[in-house]
Amino acid sequence: MKRLRFSLLFWRRVHKWVGLVVGLQLVIWAVSGAMMATLDAGAVGGHDGPVAHGPAALSTAGLRPPAAAIGAAPVAGLSLQRLGGRTVYAATRDDGTRLFDAVSGAPIGVDAAFAAAIAQEAAGAPARATRLLDSGTVETRPHRGASWRVDMIDDKGTSVYIDPHSGRVIAMRGDAWRLWDVFWMLHSMDYARHENFNHPLIVIIAFATLWLSLSGVWLLFKSFTRRDFGLPRR
Amino acid sequence: MKPVRWPLVARRLHKWLALIVGVQIAIWTVTGFYMVAVHIDHIHGDHLVRPPAPASVAPATLAPPGEVAAQVPGATAVTLIRRGDDWAWLVEAPGGRQVRDAATGAPLAPLDAAAARAAALARYTGDPRVVAVRHLTATPQELGKRPGPFWQVEFAGWNRPTLYIDPLTGALIARRHLAWRVFDVGWMLHIMDYRERSDVNNPLLRTATWGAVLAVTSGAWLLLWAFPKRRKRKPAKVLPA
C-alpha cells in the first residue's frame, strides 16, 4: 500500500474534491452572507417583538380594582396596560393570559377589530386586512400557536402578528425582512422553519468546508512565486 | 490574436482573490463551524438556570394598580412581578422604572448584594459556590448595549458561569459562561465588527463578503478544468507473431 503523503499534490486534491462536493454551498454561504451584510439591518428589523413606539400614558380614573374585573381566583401574573385604545388587565392563570376591560370589568376576546386596533398602535399605520392563522409560520417564529395576521397600509408591506388570547404583539414583519429571510434560510440551511442552525446537515457540510478553506490557506503559501510579486528570483 | 486561455485566467483570478480574502474566508468557516456545532441553547446557558418557582396570588390582596400608576407621572404600564419571595408592582414611566410593594403600593429600594445573591442562587442549577457579587454601573462587554446598573453574580467553575440580576426587579437579565464568550468572539470575527460586535452592515464586512463571493465563484469556475476527462486509450496493436 502506498503511504499517504501530505504533499502539495495531496492538499490540491483535498481542495478540489471537497470543493466539488461542498463548493455550491460555500458559494451560497458567500452570496447570502454578502446579501445580509448589504441589506440594511435597521429596515429589516428585529427578529422578534415590535419596534417600540412610545406607549401612551395610562388613564387611571374610574378603573375597577383587579378583583372586581378579573375575578377572585389567584393569578400567576397580572398587568395594567394600554392596548388597542383601551385600558386593560392582562391576567395569567393556568389556562394562559386573558384580557379584561379595566373600566367595565368585561372579558375581552381579541377579535379581528381589536387585533387591528392593537396592530395600528404598534405599527403606526392603518390596517388593510386581518385574518386568523391556526398555527405558526416562518413569519411568526418562534411562536407556534394561532395568531392574527394584520396587514398594514404602508410602503414597507408591514404585517403585524397578534396573539389571539393575550393581545401581545408577536412579531412585525415587512418586505425588507422577507427578503432578508430568504438569505437567512439559505445561510442557515433550515429550509422548512428558518430557525435551527444546529442541524446535522449544516454541521456535516460546515465540517467539510473547514477542509476546503484550511487547505486553501495552506495552498496560498505554495501557489505564489517571487515572480508573482515582481521580485527577482533568489 | 492569441486565443484566451480561460483555465489560466480562472486560476490566476482565484489565486489572487484568495490572497486578499482567503484568511477571512478561513475565519468565517472556523467561526461558522463553532456556531453550528455547539447548540445555541447551550450557548445561551439554558442549562445553567431553572425556571422560577411557580407562585400565585389572590387579586384581592393587591393594591389596585391604577392607584399605584396614579402616583407615578406618565406611567404607561403596571406589571405584577415576583421579587425574591415577595410580590411587587413594576411601574414603567418616561422618567424611569419604579418598583412598589404589591400590597401597599409603597416604593421599594433596589436589591442589596445579599438579595441579589439569593435571587441568583434561586435560579442557578450548578455548583452553588458564589465567587463574587459585584455591583456594576457601566455595562460590561458581555451585556452588549443594555443600560445598567447590574448585580453580577459569579459562580465557581472553570467556565466562569455568571448570572446578571436586575437590581430593581430581581429578574435574571443574562447568563454567561465560557461557551457564550467564545461564541461572542466568534461572532465578532464573523461579522468583522471588532468594536461593538453588533453592526452587520459595516463597510469592511460588505467589502470582504463580496470579495469572498468573487473568490469562491472563481473557484467553482476553476472546477470545470479540475477533473480532466480521461483520454480513451487506443486499442493496443496486436503485433504480428
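Here is how names work: the chains are called A, B, and so on, in the same order as the sequence lines, proteins then strands, and each is numbered from 1.
- Between chain A and the options B:Val216, B:Thr29, B:Leu80, B:Thr76, the largest number of non-hydrogen pairs under 4.5 Å is found for B:Thr76.
- More than 12 heavy atoms of other shown residues, nucleotides or ligands fall within 6.0 angstrom of atom CH2 in B:Trp221.
- For A:Ile202, the parts lying under 4.5 angstrom from a heavy atom of chain B are both the backbone and the side chain.
- More than 12 heavy-atom neighbours from other residues, nucleotides or ligands sit within 6.0 angstrom of CZ on B:Arg50.
- Of all the listed residues (B:Ala212, B:Pro73, B:Ala70), the one sharing the greatest number of non-hydrogen pairs under 4.5 Å with chain A is B:Ala70.
- Side-chain contact between B:Trp210 and A:Met35 is present, with at least one heavy-atom pair separated by less than 4.5 Å.
- B:Lys15 places a side-chain N or O within donor-acceptor distance of the main-chain N or O of A:Ser223, the cut-off being under 3.5 Å.
- Every residue was checked against the side chain to side chain donor-acceptor pair (under 3.5 Å) condition with B:Thr125, not counting sequence neighbours, and none meets it.
- Other residues, nucleotides and ligands contribute more than 12 heavy atoms inside 6.0 Å of the CZ atom of A:Arg178.
- Atom CG of A:Asp95 has more than 12 neighbouring heavy atoms from other residues, nucleotides or ligands inside a 6.0 Å radius.
- Only the side chain of A:Tyr89 comes within less than 4.5 Å of a heavy atom of chain B; its backbone N, CA, C and O stay farther away.
- When the heavy atoms of residues 56-69 of chain B are compared with those of chain A, the residues falling under 4.5 Å are B:Ser56, B:Val57, B:Ala58, B:Pro59, B:Ala60, B:Leu62, B:Pro64, B:Pro65, B:Gly66, B:Ala69, listed by number.
- Both the backbone and the side chain of A:Leu20 come within less than 4.5 Å of a heavy atom in chain B.
- Residue B:Leu223 touches chain A through its side chain alone, counting heavy-atom pairs closer than 4.5 Å.
- A distance of 14.0 Å separates CG in A:Leu210 from OH in B:Tyr34, rounded to the nearest 0.5 Å.
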Fill in: Pair B:Phe33-A:Val203, side chain to side chain contact (heavy atoms under 4.5 Å, CB included): steps then yes or no
CA-CA 7 Å; B:Phe33 180 69; A:Val203 176; 4.2 Å; yes
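- In this structure, OG1 on B:Thr217 lies 9.0 Å from CG on A:Leu26, to the nearest 0.5 angstrom.
- Heavy-atom contacts from other residues, nucleotides or ligands closer than 6.0 Å to CZ of A:Arg226 number more than 12.
- Separation of atoms CG (A:Asn198) and NE2 (B:His39) is listed at 4.5 Å; rounding is to 0.5 Å.
- Few gaps surround OH on A:Tyr191; more than 12 heavy atoms of other groups in view lie less than 6.0 Å from it.
- Side chains of A:Asp40 and B:Asn201 form a contact here, defined as non-hydrogen atoms less than 4.5 Å apart.
- The contact between B:Ala26 and chain A is made by backbone and side chain atoms together, counting heavy-atom distances below 4.5 Å.
- More than 12 heavy atoms of other residues, nucleotides or ligands lie within 6.0 Å of CG in B:Asp41, so this atom counts as buried by the packing criterion.
- Residue A:Arg12 touches chain B through its side chain alone, counting heavy-atom pairs closer than 4.5 Å.
- Taking chain B as the reference chain and counting heavy-atom pairs below 4.5 Å, the highest number among A:Val27, A:Thr60, A:Val75 is found for A:Val75.
- Side-chain contact, B:Trp28 with A:Ser213: no donor N or O sits under 3.5 Å from an acceptor N or O.
- Between B:Arg206 and A:Ala37, the shortest heavy-atom contact is NE-O, 2.8 Å.
- The CG atom of B:Leu205 lies 9.5 Å from the CE atom of A:Met36; values are rounded to the nearest 0.5 Å.
- B:Val36 places none of its side-chain heavy atoms less than 4.5 Å from the side chain of A:Phe207.
- A distance-only check finds no donor-acceptor pair linking the side chain of A:Asp228 to the backbone of B:Trp16 [under 3.5 Å].
- Interface remark: B:Arg82 contributes no atoms to any contact with chain A (heavy atom separation under 4.5 Å).
- Only the backbone of A:Ala73 comes within contact range of chain B, with heavy atoms under 4.5 Å apart.
- Heavy atoms closer than 4.5 Å to chain B are found in both the backbone and the side chain of A:Ala76.
- Only the side chain of B:His14 comes within contact range of chain A, with heavy atoms under 4.5 Å apart.
- Using a 30° and 60° split on the angle between ring planes, B:Phe227 and A:Trp17 fall in the perpendicular class, above 60°.
- Contact count against chain B (heavy-atom pairs under 4.5 Å) is highest for A:Leu39 among A:Leu39, A:Leu24, A:Leu214.
- In this structure, A:Lys16 places its NZ atom where more than 12 heavy-atom neighbours from other residues, nucleotides or ligands lie under 6.0 Å away.
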Worksheet item: Going through the distances and angles, do B:Trp89 and A:Leu78 end up as a side chain to side chain contact (heavy atoms under 4.5 Å, CB included)?
Response: CA-CA 9 Å; B:Trp89 289 114; A:Leu78 178 63; 3.7 Å; yes
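- For a residue to count as touching a neighbouring chain, one of its non-hydrogen atoms must lie under 4.5 Å from one of that chain's; by this rule A:His199 does not touch chain B.
- B:Gly74 approaches A:Ala57 most closely through the heavy-atom pair O-CB, 3.9 Å.
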